[in-house]
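Atoms within each ligand, like the ligands themselves, are counted from 1 in listed order. These numbers come from a predicted model, not from an experiment.
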Amino acid sequence: MESKNFFVHESAYIDDNVKIGKGTKIWHFSHILSNTRIGENCIIGQNCMIGPDVKVGNRCKIQNNVSIYKGVTLEDEVFCGPSCVFTNVLTPRAFIERKAEFLPTLVKKGATIGANATVVCGHTIGRYALIGAGAVVTSDVPDYALYLGVPAKHSGWVCKCGVVLTRKTSSDGELHLTCSYCRSRYMLKGKEFTVIEEKI
Ligand SMILES: CC(C)(COP(=O)(O)OP(=O)(O)OC[C@H]1O[C@@H](n2cnc3c(N)ncnc32)[C@H](O)[C@@H]1OP(=O)(O)O)[C@@H](O)C(=O)NCCC(=O)NCCS
Ligand SMILES: [Zn+2]
């Protein structure tokens, strides 16, 4: 399917009542199920499955082999690394229907999910958070937090640009963090992470 607004590779399937924003590209063997909304300028890689009833924001990048099930919502500019896994049932059994028990997952604006990471359902991943490759998320993730490992633990903070914040200076109990890549500045007081100035 090709239109002047968006591109769908001929090997992809788009079900009924799907909305695709302008500039979005959907690549080989992907399947978008009914009542799904995909925003503008997204890239959906090869062998992805999205829906039914899923909302994907604008400018998201969904790499190869990602399934986004009902109950999962992606805000704008979310990056899903290759083969990362979402879930929507906490205690599945093949012989018990649990469609009424889906637990929602919300991935907020600008967050990144690393390759092969798993997001156990019922949690929110904060704005610009970064989930490392192979992590298993079993809790909510704060904005700008770096979560690594199995189960994923709070392992640091990341800049809006994605770079891990390692440059720190402290004064009066406040930790000042400066991004080595884009020079954005943040402040940490206890567990409170504040944006001072973003350059990106
Ligand atoms: C999390 C990440 C951003 C860290 O990068 P980094 O700052 O360069 O980190 P380093 O390689 O210096 O590692 C720092 C420490 O974290 C550990 N670490 C790094 N990535 C990890 C991960 N995904 N899970 C668990 N531990 C990890 C390292 O082993 C190291 O531990 P140590 O201090 O005990 O030696 C990166 O490793 C990552 O997972 N990026 C995601 C890549 C991805 O999935 N891309 C998808 C698109 S292709
Ligand atoms: Zn930065």
Inset, instruction - Under the side-chain contact (heavy atoms from CB on, under 4.5 Å) rule, what do Leu165 and Tyr144 come out as? Steps first, then yes or no, please. - result: CA-CA 10 Å; Leu165 293 163; Tyr144 295 89; over 6 Å; no
Inset, instruction - In sequence, state the C-alpha distance, the side-chain angles, and the governing distance for Val89 and Leu103, and then conclude on side-chain contact (heavy atoms from CB on, under 4.5 Å). - result: CA-CA 6 Å; Val89 177; Leu103 291 181; over 6 Å; no
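Here Cys182 contributes SG and Cys179 contributes SG, and at the Zn ion (ligand 2) these two atoms make an angle of 110°, given to 10°.
For atom 11 (O) of ligand 1, the nearest protein heavy atom lies 4.0 Å or farther away. Within a 4.0 Å radius of atom 2 (C) of ligand 1, the protein contributes no heavy atom. Distance check for atom 39 (O) of ligand 1: a protein heavy atom is found below 4.0 Å. Per-atom contact check: atom 14 (C) of ligand 1 does not touch the protein, criterion being a heavy-atom distance below 4.0 Å. Remark: atom 30 (C) of ligand 1 lies closer than 4.0 Å to no protein heavy atom. Note that atom 34 (O) of ligand 1 has no protein non-hydrogen atoms nearby, at separations under 4.0 angstrom.
When only modelled atom types and interatomic distance are considered, Asp15 and His31 share a side-chain donor-acceptor pair under 3.5 Å. Asn35 and Asn17 share a side-chain donor-acceptor pair at under 3.5 Å.
Each of Tyr186, Tyr128, Phe193 was compared with Trp157 under the side chain to side chain contact (heavy atoms under 4.5 Å, CB included) criterion, and only Phe193 meets it.
Remark: minimum distance from atom 23 (N) of ligand 1 to any protein heavy atom is reached at Ala133 O, 2.9 Å. Nearest non-hydrogen protein atom to atom 6 (P) of ligand 1 is Val164 CG2, 4.7 Å. The nearest heavy-atom contact from the protein to atom 48 (S) of ligand 1 is Pro82 CD, 4.2 Å.
In this structure, Lys109 does not pair ionically with Asp76, as no charged nitrogen and carboxylate oxygen lie closer than 4.0 Å. The existence of a salt bridge linking Glu75 and Lys108 is excluded, since no basic side-chain nitrogen approaches an acidic carboxylate oxygen closer than 4.0 Å.
Using a 4.5 Å heavy-atom threshold, the side chains of Val163 and Cys182 count as separate.
By heavy-atom distance, the residue among Gly134, Gly149, Gly162, Ala115 lying nearest atom 44 (O) of ligand 1 is Ala115. When the heavy atoms of Leu148, Asn116, Val158 are ranked by distance to atom 16 (O) of ligand 1, first place goes to Leu148.
Annotation for ligand 1: atoms under 4.0 Å from non-hydrogen atoms of Gly114 are 44 (O). Every atom of ligand 1 with a heavy atom of Gly132 under 4.0 Å away is listed here by number and element: 23 (N), 39 (O).
Ser30 places a side-chain N or O within 3.5 Å of a backbone atom of Gly45 that can act as its donor or acceptor partner.
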